[in-house]
Amino acid sequence: MSRISRLLTLAGGLIASALLAAPAPAQSGADFFKGKTITYIVATSPGGGYDTYGRLVAEYMQRHLPGSTVVVRNMPGAGHMIGANAIFAAKPDGLTIGTFNTGLIYNQLIGQSAARFDLERMSWIGKAANDARVITIAQQSPIMSYRDLAAQKRPVNFAAAGIGSAAYVETVMLTAVLKLPIKLLTGYNGNADMLAMRRGEVVGTISARSTWEPFVRNGYARYIAQIGGDQTDVPQLATLVTDSAAKALIALIQTQCDVSRLTAGPPGIPADRLAALRSAYRMAMEDRELLTKTEKLGLPIEPAYGDTVLQMIKGALQQSPETVALLAEALKKK
Amino acid sequence: MIETMFGSLYAMLMSPHMMGLMLLAVAIGLVVGVTPGIGGRLSIALAIPFVFGMEMIPGAVFLLTMHAVNGTSGQISSIMFGVPGDGDDAATTIDGYPMAKKGEAGRALGASVTASGIGGIVGAVVFAIMIPVLEPVVMAFSPAEFFLLALLGITFIAFLAGREQIFKGLIVGLFGMMLATVGTDPNTGTPRFAGDFLFLWDGVSLITAVLALFAIPEMIALAVKGGSISSVSRETASYSYRQLFEGVMEVPRHWWLALRTSVIGAVVGMIPGLGSSAAAWFCYGHAVQTSKTPERFGKGAVEGVIAPETGSNAREGGALLPTLFFGIPASSGMAVLMGAFLILGIQPGPTMITERLDLVWTLIWALVVGNLIAVTFLLFIMRWVALLTFVNGAMLVPFIVVMAVTGSYVSEGQWQNLVVLVVLSVVGYGLLRFNWPRAPFVIGIVLGKIAEESLHKALELWGLSFFTRPLSLVLIGLIVATIGYAVYRNIKPRTAGAQRAVTP
């Protein structure tokens with residue numbers, strides 16, 4: 001088929017993406033999905049990392065579940081909670097799955113009332129990547145290393161998106177436990193933090209490395225420390241601290257980094273269908289075409305599957321009361 | 001430099017492959033733009049799988065053209081039925097729909113389509129001129145300036161509401177700002193007036209609010225009144241190409257306004273953080289404020305159609321600048337576009353200008369040529385589109401209400417927004433029925449949020465001393481001058497109005 005005619009289907013796809021349907025009786029395993037439509041919920045608006053990963057996963061899972069159609073549906077809002085709630089509450093027939101921010105572990109840990117999901121009970125299908133956290137410092141700042149940052153006499157401005165976002169929570173907790181001289185300014189949504197760094201309004205951020213790669217490559221900033229990830233060009237924060245409370249906190253954040261770009265369904269998907277979804281997910285992650293695309297996009301693929309992911313999530317949900325108190329403090333209203 | 005500039009234009013025009021792709025991109029962009037609730041962002045996100053195999057330049061041209069002409073068709077439903085496709089189209093509705101009611105849909109469409117095209121082209125020119133001074137201009141705007149710019153926009157309410165309605169205008173504007181406070185507090189993270197309703201945590205959906213205030217009330221009014229949208233019959237209205245052409249000629253007649261609003265749109269687009277709807281509203285406010293006869297606005301003034309349309313299309317050229325040269329997208333649409341550029345192997349950043357100048361020029365020309373194609377195409381079909389305003393309302397209203405309801409649902413995919421739509425529609429119909437202005441509401445809800453967020457940030461960064469930043473002082477001067485002018489105009493014409501009352 002020519003590229004032009006494939007493009008023509010785009011206009012139709014736009015309309016189709018808005019209209020969804022799904023009911024069905026039961027059969028077994030992969031056969032069940034023949035002729036069925038799976039809704040893949042992405043808990044953000046179109047564009048951006050979650051949407052890109054979500055659309056790739058949907059496209060290649062469809063390919064490896066013969067006869068099925070996987071439709072992406074964006075359900076943005078309330079820091080991924082609308083999408084996560086929708087996935088959790090969906091009918092557990094295997095026809096609704098989706099992706100959201102792993103940071104919702106924090107919301108569950110402190111028992112936020114608007115979080116109507118239990119991550120431990122969800123049907124885990126897999127995760128696509130690790131997303132290391134980095135301390136990024138603007139290029140014009142004299143702070144060259146973690147030691148420099150810790151030694152600052154006066155608090156330096158750091159930026160974060162909304163209060164309650166994963167990056168915000170992590171920055172607040174690290175600032176408190178490591179006693180860093182950081183004054184955190186919030187409300188830098190989208191790429192506003194990068195511009196603020198260029199203007200010199202803020203000196204740095206603690207956030208996901210994948211977001212900052214182009215900015216750092218353009219020479220506007222540098223990394224001084226990292227949590228998680230397998231890159232070796234930046235020192236791991238865990239090696240720079242000695243305090244045991246700090247090490248425990250860094251370990252918690254690291255589990256967040258390890259389970260990134262996840263895919264999950266509601267609790268109680270029949271075992272044979274869940275197995276079929278997991279195997280389709282695995283085949284998608286190993287699909288050569290998908291790997292070529294993600295490499296072009298600069299999106300890392302470091303997958304893990306099914307029960308492995310469930311164990312990681314369970315581990316992250318086992319936190320000492322001290323850590324939970326720290327979290328609650330970080331998420332507490334100012 | 002000159003050689004690269006025209007070489008890339010020649011290469012583009014001479015390649016059937018490129019021109020074919022551009023035609024297709026224009027067609028898709030226009031179709032997506034007509035549908036309320038589906039933004040340009042979604043169209044690019046869905047197009048990404050299709051550009052994987054493309055070469056760099058054709059792929060980039062395809063996506064940019066699709067994105068750039070998106071706003072050109074959104075105005076059709078705004079003018080014809082009072083159904084704005086999104087926040088910036090709402091500005092076009094205010095004067096466009098009254099024109100359609102007067103039987104001048106053809107003229108309004110001719111003017112708005114031409115204005116969009118001109119805006120897009122001037123935006124591309126501004127893009128080219130601004131490249132060398134991009135850095136200082138963009139860096140000059142910080143949260144302090146965003147706050148003052150939003151405040152300046154809010155003062156336009158004084159002009160929008162018209163002389164005798166200034167208090168009504170302020171009340172409606174404040175109502176909009178009140179609704180803008182619904183959602184998560186940017187400073188404390190507490191949900192305000194939202195409780196456990198998660199769909200309200202990100203604020204009241206702008207598209208839903210706009211549809212409820214403009215589209216639904218107009219349709220209720222049409223159903224109550226009976227007849228067609230145009231109050232003039234088809235025979236008496238010159239609905240032919242002549243009326244359309246008259247509309248086209250309105251743009252050169254108001255060339256100075258069109259140029260100014262295009263530049264305003266492009267500069268607003270350049271500054272990330274002001275939000276995409278702000279450009280159209282600044283331009284509309286500017287047109288009203290500088291008009292010698294501001295009382296005509298809201299009742300079908302053609303300038304009220306030209307200004308927001310030039311502004312919103314010029315914005316795209318402006319928004320491309322920081323995206324390409326800093327790798328920092330200026331809007332959510334540009335963020336998606338940048339993601340797609342990365343797939344194509346384009347690395348946005350400062351080296352673009354030294355290493356990929358041919359690509360930069362091709363993209364500038366794509367903006368120009370894409371807009372020209374879109375305008376020609378739309379002008380050609382407009383004649384038939386304009387006829388719809390003469391169709392009996394009983395046949396039209398159900399379709400348009402369905403369109404509005406779908407738009408409200410699709411934009412965020414949450415049924416709860418339909419409840420908001422109904423509630424706000426009642427308010428909107430009340431405002432329409434009792435002849436209160438509705439434009440200040442959108443200004444309030446769009447700029448209220450920007451004002452609040454940036455005020456918080458500016459205060460945290462600099463405390464109260466942010467008022468003394470040089471650019472802040474200039475903006476404060478502008479705000480004071482605007483208010484002063486509003487007061488002056490409010491006093492002066494009252495005597496003229498009194499005279500008119502004596503001699504009716």
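As a basis for the values below, the full set of heavy atoms in this structure was taken, side chains included, without hydrogen atoms, waters or symmetry mates. Throughout, a chain's letter reflects where its sequence line sits, starting with A, and its residues are numbered from 1.
- For F341(B), no part sits under 4.5 Å from any heavy atom of chain A, backbone or side chain.
- A donor-acceptor distance shorter than 3.5 angstrom exists from the side chain of K183(A) to the backbone of E460(B), with no hydrogens or angles considered.
- Between chain A and the residues K457(B), H456(B), E135(B), the largest count of heavy-atom pairs under 4.5 Å involves K457(B).
- Separation of atoms CG (L459(B)) and CG (L185(A)) is listed at 11.5 Å; rounding is to 0.5 Å.
- The contact list for residues 206-216 of chain A toward chain B, using heavy atoms and a distance under 4.5 Å, reads F215(A) by residue number.
- With sequence neighbours left out, A196(A) forms a side chain to side chain contact (heavy atoms under 4.5 Å, CB included) with Y188(A), R199(A), E201(A), V202(A).
- Q414(B) CD to M75(A) CE: the interatomic distance, rounded to the nearest 0.5 Å, is 5.5 Å.
- Here the closest heavy-atom approach between residue Y220(A) and residue F325(B) is recorded as OH-O, 3.7 Å.
- Side chain of N218(A) to main chain of P348(B): a donor-acceptor pair is present (N/O by atom type, distance under 3.5 Å, no hydrogens or angles).
- Of the atoms belonging to F141(B), it is backbone heavy atoms, and not side-chain ones, that fall under 4.5 Å from chain A.
- In terms of the side chain to side chain contact (heavy atoms under 4.5 Å, CB included) criterion, residue partners of A160(A) (sequence neighbours excluded) are, by chain and number, Y168(A), L184(A).
- Across L299(A), L195(A), N85(A), the residue that shares the most heavy-atom pairs under 4.5 angstrom with chain B is L195(A).
- Looking at P143(B), both its backbone and its side chain come within 4.5 Å of chain A, counting heavy atoms on both sides.
- Listed by chain and residue number, L30(B), I381(B) satisfy the side chain to side chain contact (heavy atoms under 4.5 Å, CB included) test with F377(B) (two or more places apart in sequence, or in another chain).
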